[in-house]
Amino acid sequence: MEYNFTEVEKKWREYWAEHKTFRAENNSTKPKYYVLDMFPYPSGAGLHVGHPLGYIASDIVARYKRIQGYNVLHPMGYDSFGLPAEQYAIQTGTHPAITTEQNINRYRDQLDNIGFSFDWERELRTSNPDFYKWTQWIFIKLFHAWYNNKSNKAEDIKTLVAEFESNGNTSIHAACSDTETFSADEWKAMGEKQQQTVLLNYRLAYLSDAMVNWCPQLGTVLANEEVKDGFSERGGYPVVRKLMKQWSLRITAYAERLLNDLKDIDWSPSLKEMQENWIGRSEGSSLRFKVQNSEAAIEVFTTRPDTIFGATFITLAPEHELVEALTTPEYKGKVDEYIQYSKTRSERDRMADVKKITGQFTGAYAVHPFKGSLIPIWIGDYVLAGYGTGAVMAVPAHDSRDYSFAKYFDLPITEVVSGGDISNESYDAKEGKLINSDFLNGLDVKDAIKKIIAEIETRGLGKGKTNYRLRDAIFGRQRYWGEPIPIYYRDGIPYTIDEKDLPLELPVVDKYLPTEEGEPPLARAKDWKYKGEYEYEQTTMPGWAGSSWYYLRYMDAHNDKEFVSRDAVNYWKDVDLYIGGAEHATGHLLYVRFWTKFLYDLGLIPVIEPARKLINQGMILGVSMLARIVNCVVSNEMQDTQLFFLPNDFPTLENEIKIRVPIEFVEDGKFHSSKLVKLREKLPNNIEFLDYETFDKIKNFWDQFAPEFSKMNVETFDKSYFNEYLDITPEVEKMSKSKLNVITPDDIITKYGADCLRLYEMFLGPLELPKPWNTNGIEGVSKFIRKLWRLYHDGENNYKISEDAATPAELKILHKTIKKTAEDIDRFSFNTSVSSFMICVNELTELKCNKRAILEPLAIIVSPYAPHIAEELWSLLGHEKSISFAEFPDWKELYITDQNFDYPISINGKTRLKISLPSDLTKEEISAKILARDEVKKLLDGKTPKNIIVVPNRIVNIVV
RNA sequence: GCCCUGGUGGUGGAACUGGUAGACACGCAGGACUUAAAAUCCUGUGGCCGUUGAGGCCGUAUCGGUUCGAUUCCGAUCCGGGGUACCA
């Protein structure tokens, strides 16, 4: 009988739970360390092998910090609002809370099995009213706040109202939506309704028109990812872009601070770069173009006002508000047609297909503000309504997108900056001298920009402006399963509900679908009115609401008086180490920074950033199995579509598509027809006519080899067909339930144990890199665990430890490993740590070392990685308390340093031989000794060295 | 498209600041123990040529550059992964 991991692991998990070993104290004299994982959405598929990767890493750090003497906060919870549970509710009628509860229970079981050192007393769920009460509370704070650009922080809306009452809005410098100026008297003359409407333009949580993907048939708004080629992924219904009233958060007010404060946090440069690009600060100028024969003016934003003399046309986004008014009757038909077309293209499509140039002339002309000449006004969907003003002055000579557009529609191109060759491509660089530009001629680009902005301002055509690509965050969702927005309407004006009425709980509804009129599911709630009288807001908050502040709640998870107490937040402050996926780089990680700054501005928390250090763990990728199918109608007479799987070696057909086959189907296990869910529900759009010949070929094949399978029939589907007849191509991609390629950790734990899973996931490779999952190397890790056990036992598996003093060789092995693992954890290189444990155990095994002086520290340094076996060995060694209370050993350089170093001797950079020399020699002594050696003389073959490069304790390179 | 990121043996990976490429592990091949299997242990293992206790050449996606020396730095190209604002 060898090491019995099943028994040992169970024993220690129970011990930890019973003794509350990992409870964090809010009052402690120890230094604090807060390690946080991005909490999971509890999906129905359960935890897959990708989830624990980051959790294991953070758990190692948490356990390591504990044995270094820190008071460690290492909590876990659930991001439990979200679409999948709602989708399931629509299909089955099961309340999402029930599905969510079940999923959470399964997650908890799975998490428990891995032996994490979480403080479960602090568990939280975003869908729990105790939690979302405070999410709503923060929303109310956002509603009653405005951003004062003078004090550069958010302030209570009362200070704004006071200012309006004394001075109107003329001298206010605020982050706001477009608002007309008014005086104090005008403000006072406004009625309640009008005043509230004005205030909405300043609030940090406000209602505005936003562009969304609207699907009339489904009666709902869709995420970009739910839209494929202008049709809904689910059902294949057409989707159009539409303006809708939506709650938004004014994150743009914080753009500058979100950008600047990046410099003070220890996040990876690439992640900071992504956030910088996302915020997209650009300096430039606004500029108005008068429209010929009209009162209207088009305002553009440009970062290159210096190229104004090269502006040869104007392009508006198709959604631009002036399009309808400008278009001449002659062009109305074509313009309308183009607008219809562009409505079907998502913003992403539009940005992605830059090669596909589309646009339409409106028939109208604008007046060039400096030249006075007329330039045509076009619409084109390469101009996005949401950025800048939704209009650009096109300078084809110096902007590649304008250039392609001009070439395609044969519009004039005027060079105004020298240095490029505009006959082939635009010259976008901000370098060169201005030409063809009147008073700007001869200036450098930089100087020209300064001069033209001054000129624009003098002439009142516009002003210098900083623009951000960052847009305000749309906060309302046309969904059921999210936090209700704590707003009610009186006289059409939104008001927040009283704080004492929080939480505003989700009402009961009969169905989780939008109403027939296309209102959100909450409109179905019966008698759901504030104070029995006022309509509530019917949209709910997005998935990122709860996650924007949850890290604070863990500090004081059960407080029913405050979202977090002063004492708790003053002690824990911020997250010392935050681990999560890079896919959150520009979503969650910007929102949580935004909320943190907002709460700081209100004086509620003492920090301006949520996390000092952030690590992105790489995604564990799954292997999806793709089968080729063809979906066809053979002729017009045949009514139903037929789906055929294509056999091996069948030539590629033009109208074939690939579908995912469940991974467990291709391996062992039974097939359940319900699993073939992803049969690309957009098939109706994809119907192709297949010629009789091809149809017959496929049909004959299946009739001959598998008659019951000739048509796709999931009921009779059998695994053997795949192996024998079907061409399955594996594809590495994100592991996700929807891609049918999920692998759970459960089987591995049963077979090898939790310690083995932990070590193996770390051993797989660097934490940050994405890697496909495979279990090829797991045997090696399992062997390591058994070898480790054997060091403490004799041949009969009896515990046996010697009390003798350790030899220098043994000490060297131990201290080398302590040093390595301490350094590795500090730089989050967990895979190399595991390797060094293996080397250590191999070497100690070779020396037959079973000395307490070596094996006791060894158990401690292994314990963050493999806590179960470490606890067992620790208790065998005679300790009563958990190894979590042990002390991480120091390493001593003395035991490690070598007397000699094996110098690799290279000639012209090629290693030829090694020579061992004392490691304390000077460069001169080294080269003298080396050159005196016969082997070296022989290799030099009589040639005189031109140069000798000596790097002590590294290398010697002889150049001849 | 744009932004980020990666590419090293049959496989996962190591090489931390430009200094011995392939640590550690899997797999594979051969061997020991065993009636047999499992487990365990030993030996070999980047490619090509040559030897069978000589050695040589090539080799870190591709091409080029900087350097005494490049997996590491620079430029270009190809390929994979993530994000792209209502998935979380």
Side-chain angles (χ1 to χ4, degrees), chain A residues 2 38-41 43 79 81-84 210 212-213 220-227 246 268-271 273-274 276-278 280 347-356 382 386 401 469-479 542-544 547 581-588 590 616 618-619 621 732-734 736 738 760 763-766 768-772 774-781 783-784 786-787 790 823-824 827 829 831-832 834-839 842 902-914 946-949 951 954-960:
Chain A
E2 283 228 318
M38 289 184 190
F39 59 171
Y41 172 78
S43 89
D79 188 15
F81 273 131
L83 265 191
V212 294
N213 299 310
T220 191
V221 172
L222 300 175
N224 276 338
E225 73 151 24
E226 296 175 296
V227 183
Q246 295 281 356
S268 72
S270 63
L271 192 115
E273 206 174 328
M274 262 193 264
E276 274 163 22
N277 291 330
W278 187 257
E347 226 167 279
R348 202 185 301 178
D349 290 343
R350 286 160 60 169
M351 285 187 288
D353 290 349
V354 285
K355 282 180 194 131
K356 186 172 174 185
Y382 76 100
R401 291 155 305 181
R469 203 180 72 98
L470 182 73
R471 285 179 244 161
D472 278 342
I474 300 174
F475 199 67
R477 298 286 183 270
Q478 311 267 314
R479 312 281 189 188
W544 50 268
S547 59
E583 64 275 22
H584 301 285
T586 50
H588 163 63
L590 262 185
N616 289 126
M619 195 172 269
L621 304 170
V732 172
E733 57 182 356
K734 194 168 171 169
S736 126
S738 63
Y760 183 61
F763 188 61
L764 218 45
E768 284 103 322
L769 293 186
K771 41 202 164 280
N774 68 70
T775 52
N776 290 348
I778 200 159
E779 289 293 341
V781 174
K783 250 182 239 174
F784 159 74
R786 290 189 301 250
K787 278 186 185 171
R790 258 179 256 138
E823 287 174 353
D824 283 349
R827 63 189 176 104
S829 175
N831 56 326
T832 50
V834 178
S835 295
S836 69
F837 293 146
M838 289 176 170
I839 295 170
N842 287 347
D902 272 352
Y903 278 92
I905 311 301
S906 44
I907 294 176
N908 290 336
K910 267 195 202 307
T911 312
R912 293 297 166 170
L913 75 157
K914 284 178 195 168
K946 273 193 221 151
N947 192 7
I948 300 184
I949 289 117
V951 185
R954 285 271 178 178
I955 197 174
V956 175
N957 189 15
I958 303 170
V959 188
V960 294

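A note on names: the letters A, B, ... follow the listed sequences, proteins ahead of strands, and every chain is numbered from 1.
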Residue [X], side-chain heavy atoms: nucleotide from [options] that is nearest:
| X | options | result |
| --- | --- | --- |
| A/Thr586 | B/G83, B/G19, B/A15 | B/G83 |
| A/Met838 | B/A25, B/A88, B/G13 | B/A25 |
| A/Asn774 | B/U20, B/U40, B/G12 | B/G12 |
| A/Val959 | B/C4, B/C68, B/A85 | B/C68 |
| A/Lys783 | B/C26, B/U20, B/A25 | B/C26 |
| A/Arg827 | B/G19, B/U20, B/A15 | B/A15 |
| A/Glu273 | B/A88, B/C3, B/C68 | B/C3 |

Under 3.5 Å donor-acceptor pair, A/Asn957 side-chain atoms to B/C68 base atoms: yes
Since syn is defined as within 90° of 0, does B/G9 count as syn or as anti? syn
Can you tell me how far C1' in B/G55 sits from the matching atom in B/U67, rounded to whole Å? 29 Å
B/U72 and B/U17, which share atom name C1', separated by this distance in whole Å: 10 Å
Do we see a donor-acceptor contact under 3.5 Å between the side chains of A/Ser829 and A/Thr832? yes
Annotated structure of RNA chain B as dot-bracket, pair cut-off 3.5 Å, Watson-Crick or G-U only, | for inter-strand, is (((((((..(((......[....)))((((((.......))))))((((.....))))..(((((..]....))))))))))))....
Give the ring-plane orientation class for A/Phe784 versus A/Phe837, where under 30° counts as parallel, over 60° as perpendicular and anything between as tilted. parallel
